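Below is one structure, written out as structure tokens; the observations come after it.
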Amino acid sequence: NAGVTQTPKFQVLKTGQSMTLQCAQDMNHEYMSWYRQDPGMGLRLIHYSVGAGITDQGEVPNGYNVSRSTTEDFPLRLLSAAPSQTSVYFCASSQTSGSLNTGELFFGEGSRLTVL
Amino acid sequence: AQSVTQPDIHITVSEGASLELRCNYSYGATPYLFWYVQSPGQGLQLLLKYFSGDTLVQGIKGFEAEFKRSQSSFNLRKPSVHWSDAAEYFCAVGAARKYIFGTGTRLKVLA
């Protein structure tokens, strides 16, 4: 069981470069989300999706784009990287409908991004 | 607005001692409450959750938490800490499809 898979695990970018963090889940979860984790600040929600074709902003969406064309995939795009986006990024998914609504978030292992 | 407060940034306990990690939340209705644990370099793993019913919930690895509506608290406890419990612990509230996390408490265990 793969669960939630994030790639890449590590990435170094220069200021102004763009990139995409990939997230895939094989649990048929409707809900997917992206968080960033910074020291002393916990996890902050960037964007989330409640199903294919539906996305919404979280607490810190600026500088990031998302799309949800399939149930399985939820990529996070950095349009023009800035040093302030240096962080560890986590993708998480949850089953949020029907009798399996536990609300539990399943996390990927994280992607560590450094912007120089 | 929803918020979660974990007032202790760091806690150090001796192996075998009891543990209590504090969590206070702010939410207009009864929330879904969670505790997650994160080992270094890893993602987060669910320890336990509260949705409704019995206010004392049991989780994995011998952890339990008690929901107290009057205090808006959901404190995590363990009677006897093991060295392998050293990690960072996050309290979270879930409502309206958004999960809000606290800033975490880092637990250090002394041998």
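All values derive from a computational prediction rather than experimental measurement. Chain letters run A, B, ... following the sequence lines, proteins first, then strands; residues in each count from 1.
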**Message:** Counting C-beta onward and ignoring hydrogens, is there a side-chain heavy-atom pair between A/L105 and B/Y36 closer than 4.5 Å?
**Reply:**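 Heavy-atom side-chain distance check passes, below 4.5 Å.
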**Request:** Answer yes or no: does atom CD1 of B/I9 have more than 12 heavy-atom neighbours from other residues, nucleotides or ligands under 6.0 Å?
**Result:**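 Check fails, neighbour count at 12 or below.
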**Message:** Tell me if the CZ atom of A/R44 is crowded by more than 12 foreign heavy atoms within 6.0 Å.
**Reply:**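 Yes, CZ of A/R44 has more than 12 neighbouring heavy atoms, counting only those of other groups under 6.0 Å.
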hydrophobic_cluster_shared for [Y] and [X], side chain cutoff 4.5 Å:
| X | Y | answer |
| --- | --- | --- |
| A/V88 | A/F74 | no |
| A/F106 | A/V66 | no |
| B/Y89 | B/V93 | yes |
| B/F74 | B/V37 | yes |

About how many Å separate [atom2] of [Y] and [atom1] of [X], when rounded to the nearest 0.5 Å?
| X | Y | atom1 | atom2 | value |
| --- | --- | --- | --- | --- |
| A/E109 | B/L44 | CD | CG | 12.0 Å |
| A/F90 | B/F101 | CZ | CZ | 10.0 Å |
| B/Y99 | A/Y35 | OH | OH | 7.5 Å |
| A/Q37 | B/T103 | CD | OG1 | 11.0 Å |

**Request:** Counting only heavy atoms closer than 4.5 Å, note whether B/Q45 contacts chain A via side chain, backbone, both or neither.
**Result:** neither
**Request:** Go through the atoms of A/L45 and report whether side chain, backbone, both or neither lie under 4.5 Å from a heavy atom of chain B.
**Result:**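 Just the side chain, heavy atoms under 4.5 Å.
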